[in-house]
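Each chain gets a letter, A, B and so on, in the order the sequences are listed, and its residues count up from 1.
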There are 2 protein chains.
Amino acid sequence: MARAGLTAEQVTIAGAELADQVGLDRVTMSQVARQLGVKDASLYSHVRGLEDLRGRIALLAADEKTIRIAEATAGLAGKDALVAFANAWREYAHRHPGRYTATQTPIEIDPELAAKALGPRRAVELTYGMLRGYGLAEPDLTDAVRLLRSTFHGFVALEAAGGFAHRRSPQQSWVRALDALHTLLEHWPPSVGDS
Amino acid sequence: MARAGLTAEQVTIAGAELADQVGLDRVTMSQVARQLGVKDASLYSHVRGLEDLRGRIALLAADEKTIRIAEATAGLAGKDALVAFANAWREYAHRHPGRYTATQTPIEIDPELAAKALGPRRAVELTYGMLRGYGLAEPDLTDAVRLLRSTFHGFVALEAAGGFAHRRSPQQSWVRALDALHTLLEHWPPSVGDS
DNA sequence: AGGTTTATCCTAGGATCCCTAGGAACGAAG
DNA sequence: CTTCGTTCCTAGGGATCCTAGGATAAACCT
């Protein structure tokens, strides 16, 4: 019998693919093991357990998503950058629903593992960089970043949950939302309810 | 032995409370049964199974959330209505994280059960009603509703997932986001990328 | 009240899953 | 070739979901 020669990454990738196919909550140690042609107990040499696997999938997805966004927004500024950023985000969520869900699930991730992942930090930089063209200063910048991320995530989450049952296509509303966010950023309101 | 005298609603409520305490994914038939002082097999007289229970929790939560929002926005208009709507939404998510998660999870719900639930329809009406003051017409209205719902949901979801690790308090960003959305609705942009 | 019916709750058990313990075999390193 | 570390295995405990079928409490009806 030749040995499978697995690594933690391969297990993670198998889990991520399974998550995209059948949903994150249906990713099971046994299923992943079967997929890899291995007994489930064997996975524990590479991964601490199901929790840990989920965390790894989340980190993998965060990295991948960040990379897609970085590629999509490279060299762009202003509205072009905003649209490219948002579309890359949404496209990743569509293409990899299971992975995307993993990024959103509040999981405790092994700290020493998270330290290695450059995804999150990179993502923050990217978002701030995208907003550079709009001339915002702190703390408005942070507020704007949070608003954008909220809208992007909320939209794709509702989309995935079937929250847009209406006739109008989500795509049209999406384009419109980006238009709206762009003009909003251009005329970022002065602190109205200055509490 | 006196009989427990359960109903589907009581099982659902027990499940919902458990979800708020330990997280939706940790809601198990056995746990709910233990909580109710009953063997797990007994629950299947009231609920089809775990899937079904989750669906019922989701519908319950949707109803509750809608009611809170309706109470909060009663008699209000314009920005007051917007802020009250959004705060009621966020507050419900904070108070009932498990229930709220259930509303977001893409679950297939028993159609005949969903037909009874007035939550979703009511919620749609409420949202459209809240926007009445801004003088938008279709299809802008639908786009605006989707944008708002996306932002609200996205914000609380990221908040729950620990996505706002920054120094600035989420509360401040939230207030700011509502200001921004308000001015956005007042100056809803003409269709820019009219594709 | 007594008997019938219905629904609730039970015991029993199969299938699946997570995870641990400890042993076997493969591959590399001396 | 021997030794050693790692990968993978078998075996098994504990938990879960769910079904089947039986007991029994409560409601209903004459």
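OP1 or OP2 of D:dC9 lies within a sub-4.0 Å distance of a side-chain N or O belonging to A:S42. Contact annotation: A:R34 does not reach the phosphate of C:dT16 (side-chain N/O to OP1 or OP2, under 4.0 Å). A close approach under 4.0 Å does not occur between any side-chain nitrogen or oxygen of A:H46 and OP1 or OP2 of D:dT6.
Here the nucleotide nearest the side chain of B:A41, chosen from D:dC9, D:dT16, D:dT19, is D:dT19. Of the listed nucleotides (C:dC10, C:dC18, D:dT16), C:dC10 has the atom at the smallest distance from the side chain of B:V38. Comparing atom distances between the B:D40 side chain and each of D:dT7, C:dA21, D:dC17 picks out D:dC17 as nearest. Considering only the side chain of B:Y44, D:dC17 comes nearest among D:dC17, D:dC9, C:dC18. Distances from the side chain of B:T28 to the nucleotides D:dC9, D:dT19, D:dT16 place D:dT16 closest.
Separation of the A:H96 and A:Y92 ring centroids falls under the 6.0 Å cut-off.
Following rounding to the nearest Å, A:D25 (CG) and C:dC18 (C1') show an atom-to-atom distance of 16 Å. Atom CG in A:L43 sits about 12 Å away from atom P in D:dT7, given to the nearest Å. Between A:K39 atom NZ and C:dT16 atom P the separation is 13 Å, expressed in whole Å. In this entry the distance linking CG of A:L50 with C1' of C:dC17 reads 10 Å, nearest Å. The interatomic distance linking B:R54 (CZ) with D:dT16 (C1') rounds to 12 Å, in whole Å.
For the pair A:R90 and A:F155, the cation does not sit on the ring face, since its NZ or CZ is not both under 6.0 Å from the ring centre and inside 45° of the axis.
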